[in-house]
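To start, the structure under review is shown below, and the notes come after it.
Fair warning: this is a prediction, and the values are worked out from it, not measured in the lab. Below, read A as the first sequence line, B as the second, and so on, with proteins coming before strands; counting in each chain starts at 1.
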Amino acid sequence: MTYTDKEKKFKRFNVTTALPYANGGVHIGHLAGVYVPADIYVRYLRLMQEDVIFVGGSDEHGVPITIKAKKEGVTPQDIVDRYHNIIKKSFEEFGITYDIYSRTSSQTHHKTSSDFFKKLFNDGKFIEKVSEQYYDEEAKAFLADRYITGTCPHCGNEKAYGDQCEACGTSLNATDLINPQSTLSGAKPVLRETKHWFLPLNDYEAFLREWILENHKEWKPNVYGQCKSWIEQGLQPRAVTRDLDWGVKVPIEGAEGKVLYVWFDAPIGYISNTIELLPDDWEKWWKDKETKLVHFIGKDNIVFHCIVFPSMLKAEGSYILPENVPANEFLNLEGDKISTSRNWAVWLDEYLVDFPNKQDILRYVLCANAPESKDNDFTWKDFQTRNNSELVAILGNFINRTIVLTHKYFEGKVPKLNALNELDKATIEEIKTYPQKIGNLLETFKFREALFEMMNLARLGNKYLTENEPWKTVKTDIERTENSINISLQICANLAILMEPFLPFSAKKLQKMININPLNWFEVGNSDLLNEGHKIEEAELLFERIEDSEIEKQTNKLLQTKESNKENNYKASEQKENIQFDDFAKMDIRTGTILEAEKVPKTKKLLKLKIDTGIDQRTIVSGIAEYFEPEKIIGTQVSVLVNLAPKELKGIQSQGMILMAEDKDGKLVFVSPNEKVVNGAEIR
RNA sequence: GGCGGGGUAGCUCAGUUGGUUAGAGCGUCGGAUUCAUAACCCGGAGGUCACGAGUUCAACUCUCGUCCCCGCUACCA
């Protein structure tokens, strides 16, 4: 029975963690947001002797993996094998205690997700839509947006992807690209009709409203608010299939060459992995109302776990819904956003090599500084300080001085307890409060506060010891000395259990040092955990100081990343294919002067400009508002493409285009004559 | 622009249904101490609670407006 569920509404816990995508490693952002809190939660529940399974796995489908495979000339399976193994191994070594860590490329998962789809299909839960998509006739395959490159219609970058131009950051549709090209064969793709199935999320709006907005007001504000925002913006049908050959095949006739869209199959991975763990007994973990389902995720996943997956489960009909989705915000690194592509991260597998047997320090720092209510910053300096002045100075030091004194005065045996004085009594009373205090906090997902309370017990120990001064009383009052060492040792024993969810490796070490077996959470809080005469082992340091040099090594590593990012940051795009003079001559580019400029209401980037082109005065809408203040550009002479077909933007006819140069940081600059000339002068 | 989250001591965060001098840890300064990994213990300094207005006997806490940070979303010819 947990502290917050006195009526025993729930008999068991099913705890899942977001499936890491198997095209890269796991970094501190993932750990702080998802894996560390989830592991703490599960370890705690186990100590409470609750029935709990902890389910994880790798997400191995989706287009990015196929692209990476192609780039390296290996199969997608090779890619996911590589990263799945790295991730699985580093989780193990880091002490994330999954009951199962499997993968979505498993047979079980293919069958489970395929059956899930079929059930929804047969029950008429999908709608079908036919649309036009690019098709590569040489490779005989439909092309995902990512598989198509072409010229960005906006900035002219020739290597824009079908979903996004990385040069200007614009998100695109593949059909927007000029000169589209298949990255599979290099062929020019053609449009072809294709059929897909959609989950009409809009039909679940009433259900979601009631389930979340009415019945789960206790969810974290960031999660609840985000859901509310999504629901109120209106939900759209979402495609659940794609034309791709890497993934779970769509299990119906006429769906050759189609797979389940990765967002559809990935959350079903939680179910598949449970089945793999408990083939005969999995259903009670997913279909019994007395099971508490909890998803640990990062904030980027809120929509999938609170809106989409529950709608899928609801559509299926026989599943329970998550009871809570404690999503964390993001962790930054030394002031900058963590970024895989810029290699701005502390990778778990590298940490484990650089700091062998120091898992608990990272666990501690990431928990103490977890982005529970807002984005937070990880710095190596803070890592060092928290280790040196909290783990070493408060926790490690208390344990060490107690054990050393026990050996010094009592030959390593627990001394007997005599008549208690007021301080003894007060201390014993306070010890009693910790299991429930920490338990309550953990059950309500307040991990950093729970950790803080655990440390407070060590603070209590230090204070108790200092006030008793056994190093003085040993010469004058042996009974006092016996009491103060006995009670200090009882605090050590309590800590040995209470710290286990947070600092499992050190807890184990401490348990060995004082010769006890792990107890359950309800046995803790007492001051008779160690009997008189109980033998304890020699003192061994739980934590060691981290010197400046080690921290410098890490910050230098990051500095290097920053340097090399700077150098590699900008690569001029390749020259486009040759054109004839006539092609160029078709473009009518003129000098013009900005007469008026104002922001287009309800937009962030758009300015409405009035330009004197020498030919006429015309209106042009331009997406430059982030870089220019309207008043300051009036009078500026610019280059204007005047014979571009007009286009309506936000209800305004835009007649032409202002030519801009884009710097590597995305900043836009006017392309202007370097001396004033007449308006309407041809640029050639 | 719309929606959501956040803006409290140098740093990281708590602040219950609005109610006495706004709290904690770390950092810093001073003291005490020596069992302990220059650690522990005691004490001090440090905040017009983003800004402005309003409701109220009383606002960090409620209402409105403004600014800043993060995310989602629209827009970028």
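- Here the nucleotide nearest the side chain of A/Glu390, chosen from B/G71, B/C72, B/G25, is B/G25.
- Within the 4.0 angstrom heavy-atom criterion, no nucleotide atom of any strand lies near A/Val474.
- Across B/A77, B/C26, B/A39, the shortest atom-to-atom separation from the side chain of A/Ile394 is found for B/C26.
- Using atom P as the reference point in both B/U48 and B/U33, the two lie 37 Å apart (nearest Å).
- With distances taken from any side-chain atom of A/Thr466 to the nucleotides B/C40, B/C75, B/C35, the minimum falls on B/C40.
- Of the candidate nucleotides B/A77, B/C41, B/C35, B/C35 has the atom lying nearest to any side-chain atom of A/Leu405.
- Among the heavy atoms of the strands lying under 4.0 Å from A/Pro221 are primed sugar atoms or P, OP1, OP2 only; no base atom is included.
- B/A9 sits 15 Å from B/C29 when the C1' atoms are compared, rounded to a whole Å.
- As rounded to whole Å, 13 Å separates atom C1' of B/G5 from atom NZ of A/Lys228.
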Can you name the atoms? Protein N/O to nucleotides 8-11 of chain B N/O, anything below 3.5 Å, with the distance.
none

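- Classification of the A/Phe309-A/His295 ring pair by plane angle, with boundaries at 30° and 60°, yields tilted.
- The listed nucleotides are B/A77, B/G6, B/C75; the one nearest the side chain of A/Ser654 is B/A77.
- Salt bridge status for A/Glu430 with A/Lys463: absent, with no side-chain N to carboxylate O gap under 4.0 Å.
- Per the geometry, CD1 belonging to A/Ile624 stands 14 Å off C1' belonging to B/C75, to the nearest Å.
- Contact check, A/Lys472 against B/U33: no side-chain N or O comes under 4.0 Å of OP1 or OP2.
- Annotation: B/C68 and B/C51 have their P atoms spaced 15 Å apart (nearest Å).
- Comparing the same atom, C1', in B/G7 and in B/A50 gives a spacing of 6 Å after rounding to whole Å.
- Side-chain contact of A/Gln490 with A/Asn494: a donor-acceptor pair under 3.5 Å is absent, judged by distance alone.
- Within the 4.0 Å cut-off from OP1 or OP2 of B/A14, at least one side-chain nitrogen or oxygen of A/Ser373 is found.
- The CD-C1' distance, from A/Gln236 to B/U73, rounds to 12 Å in whole Å.
- Spacing between B/C60 and B/C75 at atom P, rounded to whole Å, works out to 43 Å.
- When each of B/G5, B/C26, B/A77 is scored by its nearest atom to the side-chain atoms of A/Ser389, the top-ranked nucleotide is B/C26.
- For A/Ser229, the side-chain atoms get nearest to B/G4 when compared with the rest of B/G4, B/C26, B/A36.
- Rounded to a whole angstrom, the distance from the C1' atom of B/C69 to that of B/A22 is 24 Å.
- If you measure from atom CD of A/Gln384 to atom P of B/A39, you get 11 Å, rounded to the nearest angstrom.
- Rounded to whole Å, atom P of B/G4 lies 21 Å from atom CG of A/Asp300.
- Sequence order on RNA chain B of the closest nucleotides to A/Leu541 and A/Ala458 puts A/Leu541 first from the 5' end.
- For the C1' atoms, the distance linking B/C35 with B/A24 amounts to 28 Å, nearest Å.
- In this structure, A/Arg459 places its CZ atom 10 Å from P of B/C40, rounding to the nearest Å.
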Worksheet item: How would RNA chain B look in dot-bracket form, 5' to 3', counting Watson-Crick and G-U wobble pairs with both distances under 3.5 Å and writing | for bases paired to another strand?
Response: (((((((..((((.....[...)))).((((.........)))).....(((((..]....))))))))))))....

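- For CD of A/Glu218, the number of neighbouring non-hydrogen atoms (other residues, nucleotides, ligands) closer than 6.0 Å is greater than 12.
- Here A/Val392 lies in heavy-atom contact (under 4.0 Å) with a base.
- Inspection of the A/Asn462 and A/Arg401 side chains reveals an N or O donor paired with an N or O acceptor under 3.5 Å.
- When distances run from any side-chain atom of A/Gln226 to the nucleotides B/C72, B/A39, B/G5, the shortest one goes to B/C72.
- Among the protein residues, A/Phe398 comes within range of no part of the nucleic acid, since none of its heavy atoms lies under 4.0 Å from any strand.
- Ring pair A/Tyr261/A/Trp263 is tilted by interplanar angle, where 30° to 60° counts as tilted.
- Between A/Phe445 and A/Tyr41, the angle of the ring planes lies from 30° to 60°, which puts this pair in the tilted group.
- In this model, no donor atom of one side chain and acceptor atom of the other lie less than 3.5 Å apart for A/Asn387 and A/Tyr364.
- Using P as the reference atom, B/C76 and B/A53 are 41 Å apart when rounded to the nearest Å.
- Looking at heavy-atom distances under 4.0 Å, A/Ile485 makes no contact with the nucleic acid at all.
- Listed nucleotides B/C41, B/C70, B/U12 differ in distance to A/Lys337; the shortest reach to its side chain belongs to B/C70.
- Residues A/Asp377 and A/Asn332 have side chains that never bring a donor and an acceptor to within less than 3.5 angstrom of each other.
- Using a 4.0 Å heavy-atom criterion, one finds that A/Asp375 contacts the sugar-phosphate atoms exclusively.
- For A/Asp375 and A/Lys299, the salt-bridge test passes: some basic side-chain N is under 4.0 Å from an acidic carboxylate O.
- Of the candidates B/C76, B/C35, B/A36, B/A36 carries the atom nearest the A/Asn397 side chain, counting heavy atoms from C-beta on.
- Between A/Asp377 atom CG and B/C69 atom P the separation is 16 Å, expressed in whole Å.
- Within the structure, a side-chain polar atom (N or O) of A/Lys408 is placed less than 4.0 Å from OP1 or OP2 of B/A36.
- For the pair A/Asn468 CG and B/C42 P, the interatomic distance rounds to 13 Å; values are reported in whole Å.
- No salt bridge links A/Lys446 with A/Glu449; every basic N to acidic carboxylate O contact stays at or beyond 4.0 Å.
- Taking a cutoff of 4.0 Å between a charged side-chain nitrogen and a carboxylate oxygen, A/Lys416 and A/Glu482 qualify as a salt bridge.
- Using a cut-off of 4.0 Å between Lys/Arg side-chain N and Asp/Glu carboxylate O, A/Lys358 and A/Asp360 are scored as not salt-bridged.
- Side chains of A/Trp380 and A/Gln384: no donor on one and acceptor on the other come within 3.5 Å.
- Aromatic ring pairs are classed by plane angle as parallel below 30°, tilted from 30° to 60° and perpendicular above 60°; the pair A/Phe296 and A/Phe447 is tilted.
- Residues of residues 437-453 of chain A having a heavy atom closer than 4.0 Å to RNA chain B, listed by number: A/Arg448, A/Phe452.
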